[in-house]
There are 2 protein chains.
Amino acid sequence: MNKNFRITILGSGNVAEHLGKAFFNAGHNIHQIYSRNPITAKELALVLNAIYINSVEDIDAEADIYIFCVKDSAIVDIVNKFPIKNKLLVHTSGSVEMDIFKSKTSNQGVFYPLQSFVKGKDVDFNNIPICLEYSNEESLKILELLAYSLSKNIYKINSEQRLILHIAAVFVCNFTNYMYAVAEELTKQYEIPYELLLPLIEETAQRVKHISPSKAQTGPAVRNDINIISKHEQTLQQNADFLELYRIITKQIKTRHIK
Amino acid sequence: MNKNFRITILGSGNVAEHLGKAFFNAGHNIHQIYSRNPITAKELALVLNAIYINSVEDIDAEADIYIFCVKDSAIVDIVNKFPIKNKLLVHTSGSVEMDIFKSKTSNQGVFYPLQSFVKGKDVDFNNIPICLEYSNEESLKILELLAYSLSKNIYKINSEQRLILHIAAVFVCNFTNYMYAVAEELTKQYEIPYELLLPLIEETAQRVKHISPSKAQTGPAVRNDINIISKHEQTLQQNADFLELYRIITKQIKTRHIK
């Protein structure tokens, strides 16, 4: 069953842009785009053939779904000013409770795509897991139709699980990227081309598709190779932050692997 | 120019297995395999059509190159007992000085493939960076021919740079894998399928091929989103290790990005 919805988007940042384009390309009708940033919002409204509005009061009742793609801290403010009742209100946040909308509707939901979006780099939604939460069966039905119009990986995830997933995502995306950044900074300091590390980055990510990360652990810490570890720690003396990180992660890997 | 060498391999672990197979497939002749582990060594010798020996004294002078693929701490012991002089002796370690061989030869080198090898999972050498170090032009000539027979990415890297590369590799491979392992442990505790994280792991690794990691940083820390960070820290109270890690990496990302 292929049903097209009329969607109003709140926000014009990365999530709004990527989700908006995905909805548009899947044949849905983007109705209004509300944002306090007229530059990004007008641009997005143009691309998505939608109406740009910059006041919450101008949000009208014509949409089937209202999707909040704003900063977590901005949601409650917009909900307080939200001018219509009993519509399906949905947010896209990993760490906000679903019932933040309860003063305005009993049709609430969460539409949480487990992916990291950066400006200007398109992602293929087809494989992105979309985590749904819903206040009633009617909301679920609409959210499922909407989600399956973008991706084949749809999961029902409650608020507690979603918060854990968000934390797990911080580790595998944001913190992993920081590991890359540390390596980049080190190679720069010693005039080594950073590109040398790319095949290793790729192999490390590919490997855990087939082997559990706890079984895929390699390196001096898991081998308890004291000589190498102390040589690395000595070399990192001038980088206090990197040394601290090296010591703590090495210690934690040892705790889990060395009996 | 395609030249086939006669190679003796010291060691029968992951590096010996992967390098040995790659040399064999590139048409080189694997002469002897020395190892103190008869099980893995005999198996490898069989696959590579080589002679298995379990005593350093039995190493003969017939090979063009002797490649040490043993633990860092084992190299010096084998060198002390090494029965022949003035051969080309090479190791594959990230953190050992080249001149560990100087008591036996002036033809020394390092053949350091920047990749992580796990048992049973084949890797394509063609894209693996191979870092060479060499004591003289004659050694370089042989090492270059050997390296280019496996890969198109060959770099001349001195001992100090190699040590830094090794540390950088620990961050992008071993420590990154630990980030994945933390996420796996968290999802298990809350009965969430770990597979949900795989598209995000992949996207995070792919992204840094095109964008510098320092520019690709996303997440609550770089946004200085205090509410989310404190919610995550509260949720991690029962996991002391993960909380410690979350705090330190968040702090370091903030130091670099929040002005």
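Just so it is clear: chains get the letters A, B, ... in the order the sequence lines come, proteins before strands, and each one is counted from 1.
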Residue B:Ser93 versus chain A: region with a heavy atom under 4.5 Å: neither
Proximal component of B:Ile248, with respect to chain A [non-hydrogen, under 4.5 Å]: side chain
Check: B:Lys231/B:Gln234 side-chain N/O donor and acceptor closer than 3.5 Å: no
Heavy-atom contact with chain A under 4.5 Å, split by part of B:Tyr155: side chain
A:Ser116 and B:Glu203 side chains, donor-acceptor separation under 3.5 Å: no
Among the listed options A:Leu197, A:Asp225, A:Asp72, the residue most often paired with chain B at heavy-atom distances under 4.5 Å: A:Leu197
Polar contact flag, side-chain donor to acceptor under 3.5 angstrom, B:Asn127-A:Glu202: no
Contacting moiety of B:Glu195, where chain A heavy atoms sit under 4.5 Å: neither
Within the 6.0 Å centroid threshold, strictly below: A:Tyr246 and B:Phe175: yes
Part of B:Lys71 lying under 4.5 Å from any heavy atom of chain A: neither
Per-residue contact mode, B:Ile228 against chain A (heavy atom under 4.5 angstrom): side chain
Structural part of B:Gln189 lying under 4.5 Å from a heavy atom of chain A: neither
Polar side chain donor-acceptor pair, A:Ser159 to A:Glu133, under 3.5 angstrom: yes
Donor + acceptor pair across side chains of A:Thr250, A:Arg247 (<3.5 Å): no
Part of B:Val118 lying under 4.5 Å from any heavy atom of chain A: both
